[in-house]
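Heads up, the thing below is written out as structure tokens.
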There are 2 protein chains.
Amino acid sequence: MNVGIRPALAPRKTIDDVAELAGVSIKTVSRVMNSEPGVRPETRLKVQQAIAELHYKPSLPARSLAGKRSNLIGLIYDNPSANYVFDVQNGAIARCREADLRLFIQSCNGLGESLIDEVLALVEQTHVDGLVIAPPLSADRVLIEALDARHVRFVRIAPGEGDHPSPAVTMDDREAAREMTAFLIGLGHRRIGFVTGHPDHLSSRQRSDGYADALREAGIDRDAQPIEQGYNDIATGSEAGLRMLDLAEPPTAIFASNDDMAAGVIRAAHERGVDVPSRLSVAGFDDSQIAGIVWPTLTTIHQPTADMANEAARLLIDLLKGKETAPVTELAYTLIKRGSTAPAP
Amino acid sequence: MNVGIRPALAPRKTIDDVAELAGVSIKTVSRVMNSEPGVRPETRLKVQQAIAELHYKPSLPARSLAGKRSNLIGLIYDNPSANYVFDVQNGAIARCREADLRLFIQSCNGLGESLIDEVLALVEQTHVDGLVIAPPLSADRVLIEALDARHVRFVRIAPGEGDHPSPAVTMDDREAAREMTAFLIGLGHRRIGFVTGHPDHLSSRQRSDGYADALREAGIDRDAQPIEQGYNDIATGSEAGLRMLDLAEPPTAIFASNDDMAAGVIRAAHERGVDVPSRLSVAGFDDSQIAGIVWPTLTTIHQPTADMANEAARLLIDLLKGKETAPVTELAYTLIKRGSTAPAP
DNA sequence: CTGTTATTTGACAACGCTGTCATCTAGCAA
DNA sequence: TTGCTAGATGACAGCGTTGTCAAATAACAG
């Protein structure tokens, strides 16, 4: 290691260097960088060439200190699912790259009480222009109100039924669940179990309602169906599956409120020696990575996570530019048919 | 939306407010914030109280503009595995939180040619003090050299066999693979298949070598064992598994160079009606999330991904403080015994 | 006490950019 | 040509910190 005796870093290129090379004032360079009007096309060109020639990159800290904007937006979440977080990050990143903004990613996992302070500190310290808030943080009333009180701009992803006027990107969980249930009914299933999602998640209720909608439409008695509570993980899904399979009259299909629980149901079927899908069809929700991993692969609802994050970032960027934005943008889901479902026996 | 007519944000608290409340100059406040010596304990206390009372948070941009440090470090990766990335992020985040630094997470997924430019732009624009580089970027010679040329400080995670003198955090893949193979041999297996990892990953060769080491030690002829090439994903793992199971004399155990491929092998066993683990033991490597998802759950090597990232961040922070650091830190792996392995039939 | 030296503190100029406002130039009508 | 205006450009003062260095104070020896 020769770190200690390394020469100093090459001096950073500043706006002055560009100005000198282009033969204009730094203010004009600044105008060009910010696409401001009032620069003659030929001047603009000169400056752009100088920027390119020097490989000049403006200093983010200097810009945020001097100006009203920081060209930085934050993404916050408090989510233990690696796949979900990964998708959200990538969606938001893609949009920011297009808009030439930087994304400051902040995991709030396991922060508990100090959550609000952390988020406010993030906003204060980094000067982010706005926030994209992923679930379940997007449904956190206290947080949302705190941000609102400080006049922080934000866009929420899948905030559930909240009535807050800030823009949000959502998906129609209820309708998707209805469609999946209808699909199972279309396969001839008449006895269809349901594994309920975590009661704290707003989407759980919506999915449950969609399931009920489809049964009603088909004239099937919902109260005669086996319904078990799960908590969005494999273990509780598996337990719920076992309980249903051990019934005197087990269902021929089970719809779980998310993929992890559906995977648990498949495992339960393995344990009981029940073949999927010939004797039991299983459907999930989310199209998370696990849907393609389990055997057989899972029929599920594709939730456009990355697209939702991308759209949320777009809305935020528009909002920051002062554009009027729709309060709620709803994105389309897709029913993905894979190996875990088949016609009723 | 009433964004347009919202009142201005509450004025940000500045160092001046703190100075005034504490009855000292801003420079003294600055000293206290940076834990600089030469402040009387009683003065320090006064200032700290003022900071607490006002909930004052120093402006990151202002600090990085004025000072030599930005209190920001970057984490870069180019990795398609959500689980791996998630662990790396969390490990690094935890350390940064302790050190009161911010972490700037930058995904370089799918950047190709422009990778170097992107990373250099990140460094230039954000003024990060240093970089934590996760694999496979950590093995990218061109990138490493480019960063070196600019005298950017960095620490690499699992850089493979590179001979660069910068600090790195590694794990002994070869020894871990040897141990896993020895474990299978200890269970009585004498015919042990191996699914090779992606040839571009340096760790693949090391794991393969460890497998060979154990066979040699046990006096088992390596060349008589079925060895199939995989590409670190479920599909190729599954194909490799099928080929081995269709042999006239199939192996009683299969060791795959990573968990995804091991999951593929298990799927292949399901397809062929071969019970795991009674008729076939399967072992993986990584202890990624999938290891706990497949059925039966996977015996594997726990790679301390989060710990490695945490340690890498620690090394970087030390490096930035000017402390001398060991060039390579090796972290311990753990052999995790789960349901996919059993004594040879 | 006084002089001298360490310790503690503060004044002030950066840092690299943007916002404001004044100045300059070109274009056009008279 | 002159006068006027709109458009283009630049001078300069910050933004909220830290670095430098000088000033003030405390500590100590003689």
Contacts under 3.5 angstrom, residues 47-61 of chain B side chains, donor-acceptor by atom type, not counting sequence neighbours:
{"residue": "B:Ser59", "atom": "OG", "partner": "A:His127", "partner atom": "NE2", "Å": "3.0"}
{"residue": "B:Ser59", "atom": "OG", "partner": "B:Ala62", "partner atom": "N", "Å": "3.2"}

task = Ignoring backbone atoms, test whether B:Ser30 places a side-chain nitrogen or oxygen under 4.0 Å from the OP1 or OP2 oxygen of D:dT18.
result = yes
Testing D:dT18, C:dG10, C:dG19 for proximity to the side chain of B:Thr28, the answer is C:dG10
Considering only heavy side-chain atoms of B:Asp16, the closest of D:dT9, C:dC17, D:dT17 is D:dT17
Side-chain contact test, heavy atoms from C-beta onward, threshold under 4.5 Å: evaluate it for A:Gln125 versus B:Asn71 and give yes or no.
-> no
Heavy-atom nearest nucleotide on DNA chain C taken for A:Asn71 and for B:Pro37; more 5' hit belongs to B:Pro37
On a heavy-atom basis, the closest approach of A:Leu331 and A:Pro304 is CB-CG, 4.1 Å
When rounded to whole Å, the CD to P distance for the pair B:Glu20 and C:dG10 reads 13 Å
Checking C:dG19, C:dG10, C:dG16 against the side chain of A:Arg12 (C-beta onward), the nearest is C:dG16
Of all heavy-atom pairs linking A:Arg44 and A:Pro37, the shortest is NH2-CA, 4.3 Å
In whole angstroms, the gap separating P of C:dT7 from CD of B:Glu36 amounts to 16 Å
Review point. Is it true that the side chains of A:Asn79 and A:Ser81 contain a donor and an acceptor less than 3.5 Å apart?
Key: no
To the nearest angstrom, the CG-P distance between B:Leu65 and D:dT17 comes to 12 Å
Note: contacts of residues 45-63 of chain B with DNA chain C (heavy atom, under 4.0 Å) are none
note: A:Ile15, atom CD1; C:dG19, atom C1'; distance rounded to Å ~ 13 Å
Closest heavy-atom pair, A:Ala82 versus B:Asn83, reported as atoms and distance to 0.1 Å, is CB-OD1, 3.4 Å
Tightest non-hydrogen contact, residues B:Val169 and B:Pro159, listed as O-CD, 4.0 Å
Counting primed atoms, P, OP1 and OP2 as sugar-phosphate and everything else as base, the B/S/- map of nucleotides 20-26 of chain C against protein heavy atoms under 4.0 Å is B------
If each end axis of the helix from C:dC1-D:dG30 to C:dA30-D:dT1 is fitted on five C1' pair positions, the angle between them, to 10 degrees, is 40°
Check this one for me: any side-chain N or O of A:Ser25 less than 4.0 Å away from OP1 or OP2 of D:dA11? no
Heavy-atom closest pair (B:Leu75 atom, B:Ala92 atom, distance to 0.1 Å) is CD2-CB, 4.4 Å
**Prompt:** If you look at every strand shown and take non-hydrogen atoms under 4.0 Å, does A:Ser64 touch a base, only sugar-phosphate, or nothing?
**Reply:** nothing
Winner on side-chain proximity to A:Ile26, out of D:dG16, C:dG10, C:dT18, is C:dT18
When rounded to whole Å, the NE2 to C1' distance for the pair B:His127 and C:dC15 reads 9 Å
Sequence neighbours excluded, the answer for side chain to side chain contact (heavy atoms under 4.5 Å, CB included) partners of B:Arg97 is A:Gln106, A:Leu111, A:Glu118, B:Ile93
To the nearest 0.5 Å, atom CZ of A:Arg63 lies from atom CG of A:Leu72 at 11.0 Å
In terms of heavy-atom contacts, A:Asp129 and A:Ser70 come closest through OD1-N, 2.9 Å
For residues 59-115 of chain B, the ring-ring contact (aromatic ring centres under 6.0 Å, His included) pairs (sequence neighbours left out) are A:Phe104-B:Phe104
Between CZ of B:Arg69 and C1' of C:dC15 the distance, given in whole Å, is 17 Å
A:Arg44 CZ to D:dA8 C1', in whole Å, measures 11 Å
